Structures are given as structure tokens and as C-alpha cells.
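Shown next, in C-alpha cells, is the structure this report addresses.
Each chain gets a letter, A, B and so on, in the order its sequence line appears, and its residues count up from 1. What you see is a predicted model, and the numbers here were worked out from it, not measured in a lab.
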Amino acid sequence: MPELPEVEVTRRRIEPQLVGRRIRTVRTTAASYLFITPPEALRRSLRGRTTTALGRLGKYLIAELDDRRRLVIHLGMTGQLFSQNASSVRLLAASTRQALAPEEQAEFRPDEHTHFRLAFDDDGPGIYFRDVRKFGKLLLLAPDEQHPRLARLGPDALEVGGERIFRASRKRRVPVKQLLLDQSLMAGVGNIYADEALFLARVRPGRRAERLTRRECDLIAAAVRRVLRRSIETGGSSIRDYVAPDGRDGAYQFERHVYAREGEPCFECGSAVCKRVIAQRGTHYCPKCQK
DNA sequence: ATTCCAACCTGATAGC
DNA sequence: TGCTATCAGGTTGGAA
């Protein structure tokens with residue numbers, strides 16, 4: 001689901017629900033792929049703690065705790081972080097959805113995919129983390145502890161200019177699409193926004209990075225920032241699973257130019273949008289507008 | 001050093 | 001209707 005805009009919208013909307021509230025209990029599912037820190041250690045360490053700030057780097061959320069530890073959250077492909085009182089059909093399996101009467105959908109009931117739950121001393125709404133595919137990550141860092149996952153990240157994609165992309169692209173034979181997905185070049189761009197930014201920059205995703213001009217790199221960097229900023233403004237893209245912490249959908253899916261529009265007419269020129277696999281990812285582009 | 005690709009999971013859907 | 005194959009917003013680690 002989530003790329004930089006969805007993570008940033010999640011951060012902004014969950015922050016007031018999290019910061020300053022003392023954690024009373026932590027409930028988790030059993031140890032699995034998503035728990036880098038074992039679930040029992042999370043439960044033990046987080047009980048009684050208060051979050052002092054919630055930050056973001058790329059697609060990672062980082063909660064600062066009052067004992068100087070940090071809880072790191074990555075939403076993977078299908079992770080959802082939301083308030084207990086959020087309600088959305090995106091929080092339910094399709095089968096569950098159909099089995100419920102409409103009035104029963106109002107309140108979310110934790111299911112087997114709800115891997116992490118915080119309850120607070122103030123008895124207000126809890127915070128839930130749900131992740132069907134378990135590609136998400138939960139990790140508790142000791143004070144000042146480094147972790148390769150975070151250390152590897154480049155600067156946040158909202159801060160990157162064409163110079164950095166140009167330098168990174170020299171002598172790289174990979175498609176420019178692959179470069180944009182590299183989190184060590186810049187952190188936060190994923191499959192949707194890579195395709196959308198390349199459309200705005202009018203550059204074909206399959207172009208070899210080494211053949212980009214400096215000017216094209218400037219256009220790409222500007223397009224990346226513009227697409228990400230606009231998506232944050234509209235609440236992110238709710239195409240499949242993404243839902244904001246308050247249960248609301250984003251609206252950027254209505255502003256897409258190419259992503260998941262295969263065969264549909266380009267809004268600029270009317271040509272059918274193409275899809276092919278580039279860098280092992282489904283990649284969408286306009287064959288006429290993008291050179 | 002760079003590039004490729006399987007693996008980690010589950011569910012929705014397209015196709016037969 | 002039902003089964004099977006394919007695909008999905010991400011990242012890692014190891015092979016080529």
C-alpha cells in the first residue's frame with residue numbers, strides 16, 4: 001500500500017492520537033516475519049511508556065518514547081495503522097464484509113491480521129496495526145541504536161534535487177524507474193509515484209539511467225516532489241488497502257495519470273497507456289508523451 | 001560493483 | 001460454480 005504520501009498522512013493523523021498518551025497495555029499476535037523485535041519484548045518494553053514525538057523518514061514511521069527508545073514501524077505492502085474508532089470496509093476482508101449487516105460495519109473488530117494493539121491509560125481509543133501480508137515491520141531501537149534498515153536510507157524524497165539523481169545515474173545501465181525505487185538514492189518513492197513522476201517529467205521509465213541529461217534529472221526531481229506533495233494534500237492513494245488512521249480514503253487515485261490505467265487513454269494525448277514489467281515491477285507510461 | 005531474482009505472506013481476481 | 005494461475009502500493013539477501 002503505502003509510499004511516502006500515505007505514510008506521511010498516516011503520521012499526521014495518528015500523531016495526535018499517540019503523542020502524550022501513556023501506554024497501558026500492548027497486545028500482539030504470535031512471533032512472525034513482521035516482528036523484528038520479538039512480540040513479547042515489545043509488550044514488555046512499551047508498557048507504561050509515553051510517546052513524545054512521531055517522525056517519518058521515507059516510508060518509515062519513528063515514534064520517540066520517553067525512555068529514549070524508538071519504535072520503528074514500516075507498513076510494507078498491506079500495513080494499516082489506525083485508530084480503534086476508525087471504520088472502513090478496507091479494514092475488512094471481502095468475505096467478512098459481505099457477511100456483516102451494514103450496521104455492524106460501524107466499529108472495527110480486531111481480526112487475525114491485527115498484529116499490534118495499543119491501549120492507553122486514559123481509556124480513549126486504542127491504536128491498531130493490521131497487516132494481511134505481514135510484509136510490514138515493527139522494531140524497537142535502544143537509545144542511539146542504529147539499524148541497517150534506517151542507515152541505508154537516502155534523504156527523504158521531498159528534499160531531493162536533480163543534482164543527486166544526476167550523480168547517481170552516471171554509469172548506471174538500469175532503467176530510470178529502478179533508480180527512483182532505490183531507497184538509498186532517496187527515501188519514499190514506490191511504484192505508484194515512480195510511474196506518476198516519470199509521466200509528469202515526460203521520461204520513459206525504461207530509459208537507461210546513464211543516458212539521462214542533467215535537465216531531465218531536474219525535471220524528474222521536481223516531478224517527484226510535486227507528485228508526493230500533491231498526494232499528501234489529497235490524503236494519499238486509496239487504490240487497494242490504504243486507509244487513513246481515521247478510516248477515511250485518500251483521493252490521489254483520482255488524479256493518477258498512468259498508474260493502473262493500462263489501455264485507457266492518456267489525458268494529455270489520448271494514446272492508450274502502456275504497461276510492461278520494468279525492474280521487476282508493473283510499470284505504466286504513455287508511449288507518446290514520454291520519451 | 002552492479003544486476004537479477006527468489007523469498008517473505010495472504011487475498012482478490014482474471015481466465016479457463 | 002469452481003479451480004488455478006497471476007498479480008498486488010515493499011525490502012532483503014544472496015547468486016550470477
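Between A/Arg90 atom CZ and B/dA12 atom C1' the separation is 13 Å, expressed in whole Å. One interatomic measurement links the two molecules: CG of A/Asp241 to C1' of C/dC7, which rounds to 13 Å at whole-angstrom precision. Distance A/Met186 CE to C/dG10 P: 13 Å, rounded to the nearest Å. Nucleotide C/dG10 holds its P atom 17 Å from the CG atom of A/Leu34, rounded to whole Å. C/dT12 atom C1' lies 10 Å from atom CD1 of A/Ile36, rounded to whole Å. Atom CG of A/Leu92 is separated from atom P of B/dA12 by 11 Å (rounded to the nearest Å). For the pair A/Phe35 CZ and B/dC9 P, the interatomic distance rounds to 13 Å; values are reported in whole Å. Between the P atom of C/dA8 and the CD atom of A/Gln253 lies a distance of 18 Å, rounded to the nearest Å.
In this structure, A/Glu40 does not pair ionically with A/Arg44, as no charged nitrogen and carboxylate oxygen lie closer than 4.0 Å. Ion pairing between a basic and an acidic side chain is recognised when a charged N comes within 4.0 Å of a carboxylate O; A/Arg56 and A/Asp156 show such pairing. A salt bridge links A/Arg130 with A/Asp111: at least one charged nitrogen is closer than 4.0 Å to a carboxylate oxygen. Look at A/Glu210 and A/Arg173 and you find a salt bridge, because one of the NZ, NE, NH1 or NH2 atoms lies within 4.0 Å of a carboxylate O, short of that distance.
When both distances must be under 3.5 Å, the Watson-Crick or G-U wobble mate of C/dA8 is B/dT10.
A close approach under 4.0 Å does occur between a side-chain nitrogen or oxygen of A/Lys59 and OP1 or OP2 of C/dT11. For C/dT12, one of the phosphate oxygens OP1 or OP2 lies less than 4.0 angstrom from a side-chain nitrogen or oxygen of A/Arg152. For the pair A/His113 and B/dT10, the criterion of a side-chain N or O lying under 4.0 Å from OP1 or OP2 is not met. OP1 and OP2 of C/dG10 both lie 4.0 Å or more from every side-chain N or O belonging to A/Lys134.
Side-chain atoms of A/His115 and A/Asp131 form no donor-acceptor pair, as typed in the model, at a separation below 3.5 Å.
The aromatic ring centroids of A/Tyr259 and A/Tyr252 lie 6.0 Å or more from each other.
Atom C1' of B/dC8 sits at a distance of 22 Å from the matching atom of C/dT4, rounded to the whole Å.
Taking for each of A/Tyr33 and A/Ala94 the nucleotide of DNA chain B with the nearest heavy atom, the 5'-most of the two is the partner of A/Tyr33.
Checking C/dA8, C/dT11, C/dG10 against the side-chain heavy atoms of A/Tyr60 singles out C/dT11 as nearest. Among the nucleotides B/dG11, B/dT10, C/dT11, the one closest to the side chain of A/His74 is C/dT11.
Among the atoms of the strands shown, none is found under 4.0 Å from any heavy atom of A/Tyr193.
Contacts with DNA chain C (heavy atom under 4.0 Å) in residues 167-183 of chain A: A/Gln183, listed by number.
The aromatic ring of A/Phe135 stacks onto the base of B/dC8, its centre lying under 5.5 Å from the centre of the six-membered base ring with the two planes under 30° apart.
Both tests hold for A/Arg170 against A/Phe166: distance to the six-membered ring centre under 6.0 Å, angle to the ring axis within 45°.
Exactly one of A/His284, A/Lys177, A/Glu3 qualifies for a side-chain hydrogen bond (donor to acceptor under 3.5 Å, both in side chains) with A/Asn191. That residue is A/Lys177.
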